Amino acid sequence: MKFYVCIKQVPDVNAPIQIKEGQLLQDTDRMILNAYDASAVEEALKLTEDHGGEVEVVSVGPAKTTEAIRKALAMGADKAVHIETDGNRNFDSASYAEILAAFFEDKEYEVISCGKQSQDTDAGLTGGMLAEKLDLPYSTNAVGLDIENDKLIVKRQGDAGQEMIALPAPCLVTCSNDMNEPRIPSLKGIMQSKKKPVETIKLSSIGIDESTLEPQTQVTGYREKPARQAGEKFEGEPDELAKKVANLLDEEANAI
Amino acid sequence: MSSLLTHIAISDGKVKRASLEVLSRCKELAGQHGHTAEAMIIDPDAAEYVDRIKEYGAEKVYLVEDPIFKNHINIPLLKALNSVITQANPYLVAFASTESTKDILGALAAKQDAAVLSDVSTFSLTDNGVEATRPVMAAKILSDTQAKGDQILVSVRSGSYDLIESPSDPEIITVDFNFEEHELKATLREVLGASGDKIDLSEAETIVAAGRGTKDDKGQALIEELADVLGAAIGASRALTEAGIMDPSLQIGQTGKVVSPQLYIAVGISGAIQHVAGMANSKVIVAINKDPDAPIFDIADYGIVGDLYKVLPPFIEELKKIKN
Ligand SMILES: Cc1cc2nc3c(=O)[nH]c(=O)nc-3n(C[C@H](O)[C@H](O)[C@H](O)COP(=O)(O)OP(=O)(O)OC[C@H]3O[C@@H](n4cnc5c(N)ncnc54)[C@H](O)[C@@H]3O)c2cc1C
Ligand SMILES: Nc1ncnc2c1ncn2[C@@H]1O[C@H](COP(=O)(O)O)[C@@H](O)[C@H]1O
């Protein structure tokens with residue numbers, strides 16, 4: 001099967017973040033492949049290793065979106081497309097879905113795989129939007145994938161239980177990081193990745209005029225989340241600690 | 001005057017509390033801005049839940065009844081939502097941010113060409129459209145976000161709003177719906193391990209959450225005993241769901257569920273930001289961890305530094321005494 005995996009480069013949430021006048025100041029040296037997309041790449045690699053096929057990654061972003069693409073290629077993806085934006089605009093999930101839909105319009109594939117959400121914004125919208133625009137059957141929050149003839153078998157985590165869903169190809173799936181443990185690129189993988197084809201295309205080549213792409217939603221500012229005050233921390237004899245905290249919960253916190 | 005339409009989620013034969021929180025908020029906004037609060041129920045037995053909705057002030061309730069809604073399947077649900085929205089022509093469609101909602105929200109927005117704000121913790125109406133707060137960067141930061149357009153969709157984190165009773169006598173509208181087998185491009189083969197009688201984590205008053213520190217049988221037994229004494233729901237960190245020790249639906253955090261109980265007891269959990277993202281809005285947090293520097297203590301109201309195998313037995317005994 002031919003897999004396209006949509007990958008996004010995101011700021012590392014573990015890097016120090018500062019807010020200045022409502023703007024996020026991020027350490028731009030610490031951009032990473034979205035963790036959920038890493039799981040999507042991993043699963044596509046595993047499935048094509050077992051069943052044959054090809055894995056191509058697609059990323060929309062400014063010129064410096066190289067880290068995510070390099071990582072995916074080093075993990076083992078066969079090739080990459082970088083849809084380059086000018087980087088001065090803030091796009092939302094709907095903008096990315098529109099760009100990706102224009103890209104996929106004339107492509108052939110069995111599966112488009114996305115992450116279930118961006119690790120930095122937790123929006124979780126692009127996959128479903130793209131499926132609707134391309135009129136593909138889809139499933140989200142997959143925790144396991146398998147191939148059965150021309151069908152993709154998705155195990156999805158629902159609210160209470162897990163659902164087994166059969167999607168006829170071509171289809172779209174969004175992946176949870178509960179699906180697998182993404183491989184760490186080997187030295188050989190990293191060396192090989194440098195020779196793999198990366199096609200860079202402009203938005204205009206897929207019929208999109210960046211200046212008229214108007215996001216429907218907009219971030220007007222960022223704020224620190226009011227910090228929780230650390231309470232009391234007790235050390236000592238387990239028996240005494242247990243007793244003390246149980247009684248505080250009862251009498252002071254009224255929580256039991 | 002426009003309609004603010006709340007989708008009412010049903011689970012295990014009950015209206016989800018989170019949906020009533022959203023309805024309460026929409027009712028409040030409708031009052032402030034001269035709009036009408038409406039609700040929709042999409043379920044095999046949708047009409048059975050109208051009485052419950054009445055308590056929260058919906059002025060119209062749209063019902064879509066079909067056996068296909070027994071299990072969550074995205075294609076028929078999208079079709080039903082589309083039918084109701086076409087008929088009600090709402091300005092705002094609001095959902096509780098459940099996994100089922102997350103499954104359809106993007107596709108619905110694209111289908112309706114509506115602006116969408118997912119997983120918000122507050123939302124209001126302004127001259128500029130809908131303004132909302134969204135936790136971002138693993139919930140370390142809040143972003144103020146705005147959506148403009150003729151129709152706006154929002155999904156709301158559970159626990160964001162209180163229930164406000166406001167009895168009404170709604171007009172009931174049954175929406176025509178039929179679904180043919182061939183429309184079902186994707187097929188649901190099986191539902192695994194749906195937890196029937198377990199307490200819904202997103203509605204639980206008390207949660208006992210187990211982390212890597214509790215991974216052996218003895219640790220698990222202590223967790224169950226503690227939850228039992230408190231009548232608590234059991235949750236888990238990713239370390240345990242990943243290892244297959246706990247059911248994946250119990251995971252709390254960025255990948256898992258967002259919870260906001262009155263009491264959250266974290267046992268053998270380090271407090272990684274992705275875990276904290278799902279539980280930092282708990283009212284009272286207790287942490288039991290043998291590492292005095294574990295980050296979970298930075299947000300705990302009561303921290304017990306100690307070996308959980310030594311702390312839990314007397315803690316459970318003491319709680320039993322208090323409970324009696
Ligand atoms: C994109 C992304 C999403 C994620 N989403 C989630 C999520 O939704 N939920 C989630 O939980 N994690 C999530 N994670 C993983 C998260 O980063 C942590 O790896 C995970 O929460 C760690 O689980 P833990 O605290 O149980 O284990 P650890 O970090 O290993 O901590 C175990 C703790 O137990 C203590 N301990 C051990 N033995 C004892 C004992 N005998 N007595 C007392 N204390 C003891 C240790 O001191 C330690 O602090 C996510 C990660 C990523 C990258
Ligand atoms: N700029 C982008 N380039 C490629 N894929 C993207 C991009 N933005 C979003 N996606 C895909 O959509 C998923 C997340 O959607 P969302 O949470 O809506 O941002 C990611 O995991 C990717 O698979």
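Just so it is clear, the structure is predicted and the values come from calculations on it, not from any experiment. Naming convention: chains lettered A, B, ... in sequence-line order (proteins, then strands); numbering from 1 in each chain.
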Could you look at B/Ile288 and say if it's the side chain, the backbone, both or neither that has a heavy atom under 4.5 Å from chain A?
neither

Heavy-atom proximity to chain A below 4.5 Å, by part of B/Leu263
side chain

Please identify each residue that fulfils side chain to side chain contact (heavy atoms under 4.5 Å, CB included) with B/Lys111, with sequence neighbours left out.
A/Glu132, B/Leu78, B/Asn82

Could you check whether any side-chain heavy atom of A/Leu24 comes within less than 4.5 Å of a side-chain heavy atom of B/Ile141, counting everything from C-beta outward?
yes

Is it the backbone or the side chain of B/Ile322 that comes under 4.5 Å from a heavy atom of chain A, or both, or neither?
side chain

Hey, is B/Arg134 close enough to A/Asp122 for a salt bridge, meaning N to O under 4.0 Å?
no

Contacts of type side chain to side chain contact (heavy atoms under 4.5 Å, CB included), residue B/Gln262, not counting sequence neighbours:
B/Glu205, B/Lys283

Is it the backbone or the side chain of A/Ala131 that comes under 4.5 Å from a heavy atom of chain B, or both, or neither?
neither

Cut-off 4.5 Å, heavy atoms of chain B, and the answer for A/Leu130 is neither

Counting only heavy atoms closer than 4.5 Å, note whether A/Lys244 contacts chain B via side chain, backbone, both or neither.
neither

Apply side chain to side chain contact (heavy atoms under 4.5 Å, CB included) to B/Ala280 and list each qualifying residue two or more places apart in sequence or on a separate chain.
A/Lys225, B/Val276

Between B/Lys310 and A/Asp239, does any NZ, NE, NH1 or NH2 come within less than 4.0 Å of an OD or OE carboxylate oxygen?
no

Chain B interface, residue from A/Pro137, A/Ala166, A/Gly231 that has the most non-hydrogen pairs under 4.5 Å
A/Ala166

Need one label for B/Val130: side chain, backbone, both or neither, based on atoms under 4.5 Å from any heavy atom in chain A.
neither

Residue A/Leu152 versus chain B: region with a heavy atom under 4.5 Å
neither

Looking at B/Lys185 and A/Asp135, does any basic side-chain N land under 4.0 Å from a carboxylate oxygen?
yes

Between A/Asp159 and B/Glu99, is there a donor-acceptor pair closer than 3.5 Å when you use the side chain of the first and the backbone of the second?
yes

Backbone N/O of A/Gln218 and side chain of B/Thr145: donor-acceptor pair under 3.5 Å
no

Is there a donor-acceptor pair closer than 3.5 Å between any side-chain N or O of A/Arg228 and the backbone N or O of B/Ile299?
yes

Tell me, out of A/Thr174, A/Asp178, A/Thr121, A/Ile256, who's got the most heavy-atom pairs with chain B below 4.5 Å.
A/Asp178

Pair B/Lys290 + A/Glu235, salt bridge at N-O below 4.0 Å
no

So, the part of B/Ala139 with a heavy atom under 4.5 Å from chain A: the answer is both

What residue, out of A/Gly124, A/Pro238, A/Pro215, has the most heavy-atom pairs lying under 4.5 Å from chain B?
A/Pro238

Region of A/Ala255 that comes under 4.5 Å of a non-hydrogen atom in chain B:
both

Ignoring hydrogens and geometry, is there a side-chain-to-backbone donor-acceptor pair from A/Tyr138 to B/Asp103 under 3.5 Å?
yes

Is chain B contacted by the side chain of A/Asn247, its backbone, both, or neither, given a heavy-atom distance below 4.5 Å?
both

Measure A/Glu181 against the heavy atoms of chain B and call it side chain, backbone, both or neither at under 4.5 Å.
side chain

Using non-hydrogen atoms and a limit below 4.5 Å, what part of residues 32-41 of chain A faces chain B?
A/Tyr36

Okay, B/Asn128 and chain A: the region with an atom under 4.5 Å from a heavy atom over there is neither

